[in-house]
Amino acid sequence: MRATRVITLFTDFGTRDIYAGVMKGVILSICPDVQLIDLTHGIPPQDIRAAAWQISASYNYFPKGSIHLAVVDPGVGTSRRPILVACAGHFFIGPDNGLFSLLYQSGKPFDVYVLNQKKYFLDKISATFHGRDIFAPVAGHLACGTPPEELGERITDPVSLSATKPKFDGGTLYGEVVWIDRFGNLITSISEEEFKKHIQGKPFVIKVGSISLKFLQKTYAGAAEHGIIALFGSSGLLEIAEVSGSAARRLKMGTGAAVTVTIEKNLKEIEENRS
Amino acid sequence: MRATRVITLFTDFGTRDIYAGVMKGVILSICPDVQLIDLTHGIPPQDIRAAAWQISASYNYFPKGSIHLAVVDPGVGTSRRPILVACAGHFFIGPDNGLFSLLYQSGKPFDVYVLNQKKYFLDKISATFHGRDIFAPVAGHLACGTPPEELGERITDPVSLSATKPKFDGGTLYGEVVWIDRFGNLITSISEEEFKKHIQGKPFVIKVGSISLKFLQKTYAGAAEHGIIALFGSSGLLEIAEVSGSAARRLKMGTGAAVTVTIEKNLKEIEENRS
Amino acid sequence: MRATRVITLFTDFGTRDIYAGVMKGVILSICPDVQLIDLTHGIPPQDIRAAAWQISASYNYFPKGSIHLAVVDPGVGTSRRPILVACAGHFFIGPDNGLFSLLYQSGKPFDVYVLNQKKYFLDKISATFHGRDIFAPVAGHLACGTPPEELGERITDPVSLSATKPKFDGGTLYGEVVWIDRFGNLITSISEEEFKKHIQGKPFVIKVGSISLKFLQKTYAGAAEHGIIALFGSSGLLEIAEVSGSAARRLKMGTGAAVTVTIEKNLKEIEENRS
């Protein structure tokens, strides 16, 4: 017996509207025996960059063969292409606007298909909701056995966001805040791996806004109440948190804010050069 | 093999409370093999009119035979009747307070049953949560094969909301805002069909609050940033949107607000008569 | 055929983040054929006490054998123990921080196991997300047949919150607000059972903030618009509500606020003693 296919939904639709529910209805009308999972509908509206990070941080916890339906689609109805990406044993369906950039940049092999077979779409295609009219039905057909090659045609030039990885220059690692979670933790683009590779166990200073941090904690309970701490969070990324509070509210920072880690020796040189 | 039955949940419960989850527990205790879908729990509290529109806009994307459990129930515990509606190959279960008005007014044949068979309810019926005590267990029994005729008795006088359809009078189509989505788009009661039938391709002016619009766009990206536009949205209804913004916040408008479309020739006459 | 196992998720993660979705991915990777139900992700962050009440009010509506995955875990990464509780034919998995107190205090027999078998965890255990790394995989293994005795070792000293039950003293029943629902209803720790046992049908006064109430209503529609009323809600607990409004906003009260019910005879004595 073939196991039930998992289809996750990953959107900026929020939970007030019927949009996500309607996409599920379309899928179930095509392929009734699927396991539908709301991965999140909480991406900030039209924030492709934040979405790209969250897709990359989550897909791998699902079984191989899962289909991830990602709809953050400010260009819906324009000429941006609908695509299917096969990567790391998973399938990703959504608009070609950079949503899947971190997969392309992961070093793992991938194939991209432009979805150009109208027979796998709904009969009537609106100009404003391709999640329902194109992406959901294609996911349904894929889940029930239509192979990617039949759903579209291979392309080699998918849109990829620039500068998603932190840069290391002159003893400083330059990153950014890529997500703010429910608890107000600021999650950055700096992975533990990159941190170790560049900082190499030397003394360092993390700077975010007006705050400087010289230590890493292991847990959220790792300092006094309302202290600002840095730690590697559950996705392996550097996080800035407030103990029993919200770092985002306290520091008044959002996604895109700069975060740096400087080797202390270099910091001294920088400060001496300034004076 | 009979396919798994779909049961959708459609409520004003929000997502903070255990209420929707508990309804699912009741259903699964009666009929374990169902596909449970959260259509929305984001109806504004007790807004029957908004709910009626959203049910009508969404049910048809689900497979025939689906059961839609709709609980927006300000009169719970009073004499309002619990009902089951069979329409267009779908089943609807909820309070008889007008929630299903747009189905009755759609021109499609329908049957309504008052749910009066206590053996299909939970043993103890609270005065405040019939979603859990009456509607969920009835949905479970229906999903597992009990026919509507056994669950209740046919009635012919269900409650139906008045004036849901736009009126056309003196060259003007009078509608209202029926939903505000997550993106702040104002969705109106004016369908593309009604628009075409009455405006007949003539020049027109759409008025909503202090704004006048003379053109229809095809997509949300169809004008300059922060421009206010009109378009037919994914449900086939006239929408007022702000490009890369929220029309609801910008125009400070909510559900129930008036929206008119006037044929320009008539508009001139109206203005001449005024002066 | 064994029926599909139900796993509910009960967290303070909210719905913006990928955290709950990722837990589902982990479960499905271990045990694909489960029915996953979001019981709630809306527990106020780190509010163990509110969570304990909501678990106790909801689990029993699910089929026997259901697994309830409860993650409200401010002490994640510290020495607090991960546990599994078997009680009333249900299974509960989460941190040993008092979340399951009301089960222990219900008078029903229960067994508690400390989860100490690393082979049932994910390979890499983070310090900040045991929901994903420990609790979800253990739930998956339990759902697919590994018995509690293999997943952990029995313990007899689980953490239990104090003073969850109302106290009766000098003619007054002392309770607290334990939950505020979406409609702004204040749900208290005073059950209908305790109320009847102590008040015994005598005249009474309910006091909450500056408000005194001498009557119980049966439904939310039981008084004039915007009247403040008391009633026994759907969980069998005393609730304070505003008709067509939010009692929480009106009375500016939150969880933990004191609620008393005093037998009127005693109230007179108290007042006479004061003067």
Side-chain angles (χ1 to χ4, degrees), chain B residues 1 4 7 9 11-38 40-47 71-80 95 97 122-134 136-137 140 144 182, chain C residues 1-6 8-10 12 14-16 20 35-44 50-51 53-66 68 90 179-185 187 192 216-222 231-236 239 241 243-246:
Chain B
M1 199 190 108
T4 299
I7 300 182
L9 285 87
T11 78
D12 62 351
F13 295 167
T15 55
R16 288 188 58 233
D17 297 312
I18 56 175
Y19 300 141
V22 161
M23 283 174 59
K24 293 180 188 175
V26 169
I27 293 168
L28 293 171
S29 297
I30 291 166
C31 189
D33 187 28
V34 289
Q35 179 77 261
L36 293 166
I37 300 292
D38 295 299
T40 182
H41 300 295
I43 300 298
Q46 315 195 338
D47 191 338
V71 189
V72 177
D73 196 8
V76 61
T78 67
S79 61
R80 72 95 192 86
N97 60 12
L122 290 197
D123 287 341
K124 204 189 153 195
I125 311 292
S126 72
T128 54
F129 192 8
H130 289 184
R132 177 192 67 192
D133 304 334
I134 295 180
C144 267
R182 191 234 179 151
Chain C
M1 197 190 109
R2 194 169 47 83
T4 300
R5 283 291 274 274
V6 175
T8 76
L9 286 87
F10 183 103
D12 61 352
T15 56
R16 288 188 57 231
Q35 178 78 260
L36 293 166
I37 300 293
D38 295 299
L39 191 28
T40 182
H41 300 296
I43 300 297
W53 276 93
Q54 295 299 298
I55 291 169
S56 143
S58 55
Y59 79 90
N60 210 21
Y61 290 98
F62 286 83
K64 297 265 178 196
S66 293
H68 306 281
H90 290 253
W179 186 253
I180 293 171
D181 75 9
R182 194 238 175 147
F183 303 99
N185 300 319
I187 297 160
E192 188 164 7
L216 287 166
Q217 303 293 337
K218 282 217 172 304
T219 75
Y220 295 119
L231 75 171
F232 287 105
S234 60
S235 306
E239 286 185 29
V243 180
S244 306
S246 160

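Chain identifiers are assigned alphabetically (A, B, ...) following the order of the sequence lines, protein sequences preceding nucleic acid strands; residue numbering begins at 1 within each chain.
- Residues Ala57(C) and Ile18(B) come closest through the heavy atom pair CB-CD1, 4.0 Å.
- Of the two parts of Tyr59(C), neither the backbone nor the side chain holds a non-hydrogen atom closer than 4.5 Å to a non-hydrogen atom of chain B.
- For His130(B), no part lies near chain C; criterion is any non-hydrogen pair under 4.5 Å.
- Across Leu231(C), Ile180(C), Thr40(C), Ile43(C), the residue that shares the most heavy-atom pairs under 4.5 angstrom with chain B is Thr40(C).
- Heavy atoms closer than 4.5 Å to chain B are found in the side chain of Ile187(C), but not in its backbone.
- Among Tyr220(C), Phe10(C), Phe183(C), the residue making the largest number of heavy-atom pairs under 4.5 Å with chain B is Phe183(C).
- Of the two parts of Ile27(B), neither the backbone nor the side chain holds a non-hydrogen atom closer than 4.5 Å to a non-hydrogen atom of chain C.
- Put simply, CE on Met23(B) and OH on Tyr61(C) are 12.5 Å apart, with the number rounded to the nearest 0.5 Å.
- Interface remark: Gln35(C) contributes side-chain atoms only to the contact with chain B (heavy atom separation under 4.5 Å).
- Of all heavy-atom pairs between Thr128(B) and Gly233(C), the closest is OG1-C, 3.8 Å.
- Proximity to chain B involves both the backbone and the side chain of Leu39(C), based on heavy atoms less than 4.5 angstrom apart.
- Ranked by heavy-atom pairs under 4.5 Å with chain C, the list Pro74(B), Ala136(B), Ser29(B) is led by Ser29(B).
- The choice from Ile30(B), Leu28(B), Val26(B), Thr15(B) that makes the most heavy-atom pairs within less than 4.5 Å of chain C is Leu28(B).
- Ranked by heavy-atom pairs under 4.5 Å with chain B, the list Ser58(C), Ser66(C), Pro44(C) is led by Ser58(C).
- Taking Gly14(B), Gly21(B), Ala20(B), Gly25(B) one by one and counting their heavy-atom pairs under 4.5 Å with chain C, the maximum is reached by Gly25(B).
- Among all heavy-atom pairs drawn from Phe129(B) and Ser234(C), the shortest one is CB-CB, 3.3 Å.
- Between Asp181(C) and Phe13(B) there is no side-chain heavy-atom pair separated by less than 4.5 Å.
- Looking at Asp12(B), both its backbone and its side chain come within 4.5 Å of chain C, counting heavy atoms on both sides.
- Of the listed residues (Ala127(B), Gly77(B), Gly75(B), Pro45(B)), the greatest number of heavy-atom pairs within a distance under 4.5 Å of chain C belongs to Pro45(B).
- In this structure a side-chain-to-backbone donor-acceptor pair under 3.5 Å is missing from Arg182(C) to Tyr19(B).
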